[in-house]
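Shown next, in structure tokens, is the structure this report addresses.
Here the structure is a predicted model, which means the values were calculated and not measured. Chain letters run A, B, ... following the sequence lines, proteins first and then strands; every chain starts at 1.
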Amino acid sequence: AEGEALHDEL
Amino acid sequence: MNIFRLAGDVSHLVAIIILLLKIWRSKSCAGISGKSQVLFALVFSTRYLDLFTVFVSVYNVVMKVVFLALSYATVYLIYMRFRNSYDSENDTFRVEFLLVPVIGLSFLENYAFTPLEILWTFSIFLEAVAIMPQLFMITKTGEAESITTHYLFFLGLYRALYIANWVWRYHMEGFFDQIAVVSGVVQTIFYCDFFYLYVTRVLRGKGKMSLP
């Protein structure tokens with residue numbers, strides 16, 4: 001979503 | 001994905017499975033802090049809400065679902081199935097002392113002031129301190145069964161490997177997640193004292209870990 005970071009770690 | 005990250009995730013999974021199998025096989029959760037396990041279930045529940053919003057990879061989705069399922073299964077075994085063996089008298093850590101500051105901090109320090117980001121930040125901060133009821137319980141009773149210490153060892157190893165992963169990613173990808181790194185380092189520090197006791201007492205003594 002806009003303004004949100006992509007968290008690719010668990 | 002790098003080797004440290006993969007090894008970290010595997011350590012995390014091993015830790016959770018060790019605990020679940022220990023409770024299942026012995027039909028007892030004596031010496032296990034139910035509060036810590038509820039906090040970990042809360043950590044996964046608030047962090048993995050992005051399962052519904054973004055797709056990272058098949059690996060990512062599968063691991064998230066597995067962690068969620070195993071953490072709820074652990075809580076179920078402790079509070080429902082084997083609740084007779086639950087040592088509530090020694091599981092007396094005041095969880096609100098963790099939750100209140102963690103909730104406050106996640107509103108103050110986050111990447112975006114949106115519900116999902118605040119919940120993600122909350123989960124990162126909460127994970128850093130979620131083991132404290134368990135460590136408190138061991139300190140209170142003065143001992144831990146060796147399987148419990150193996151669980152804590154793999155949980156600590158997972159944190160240490162994630163730090164190596166972040167060093168790797170910083171150099172290779174220029175990736176730096178300040179919130180995750182700072183709280184991850186804090187979390188790992190909590191395990192240092194335990195690591196020392198684990199090596200000196202459990203591995204050399206091959207038995208229960210008892211505190212002096």
| task | Could you list all the salt bridge (charged side-chain N to carboxylate O under 4.0 Å, His left out) pairs where at least one residue sits in residues 22-31 of chain B, not counting sequence neighbours? | result | B:Lys22-B:Glu145
| field | Heavy-atom donor-acceptor pair, B:Tyr48 side chain to A:Leu10 backbone, under 3.5 Å | value | yes
| field | Contacts of residues 163-180 of chain B with chain A (heavy atom under 4.5 Å) | value | B:Asn165, B:Trp166, B:Arg169, B:Phe175, B:Asp177
| said: Show the nearest heavy-atom pair for residues B:Asn60 and A:Asp8, with the distance to one decimal. | reply: ND2-O, 3.2 Å
| message | Measuring from atom CE of B:Met1 to atom CD of A:Glu9, what distance do you get when rounded to the nearest 0.5 angstrom? | response | 9.0 Å
| task | Tell me, yes or no, whether the heavy-atom count around B:Tyr196 atom OH, taken from other residues, nucleotides or ligands under 6.0 Å, exceeds 12. | result | no
| Could you name the residues of residues 2-18 of chain B that have a heavy atom within less than 4.5 Å of a heavy atom in chain A? | B:Arg5, B:Asp9
| said: Less than 4.5 Å to any heavy atom of chain A: does that hold for the side chain of B:Tyr59, its backbone, both, or neither? | reply: side chain
| query | Tell me the salt bridge (charged side-chain N to carboxylate O under 4.0 Å, His left out) pairs involving residues 44-57 of chain B, sequence neighbours left out? | reply | B:Arg47-B:Glu127, B:Asp50-B:Lys64
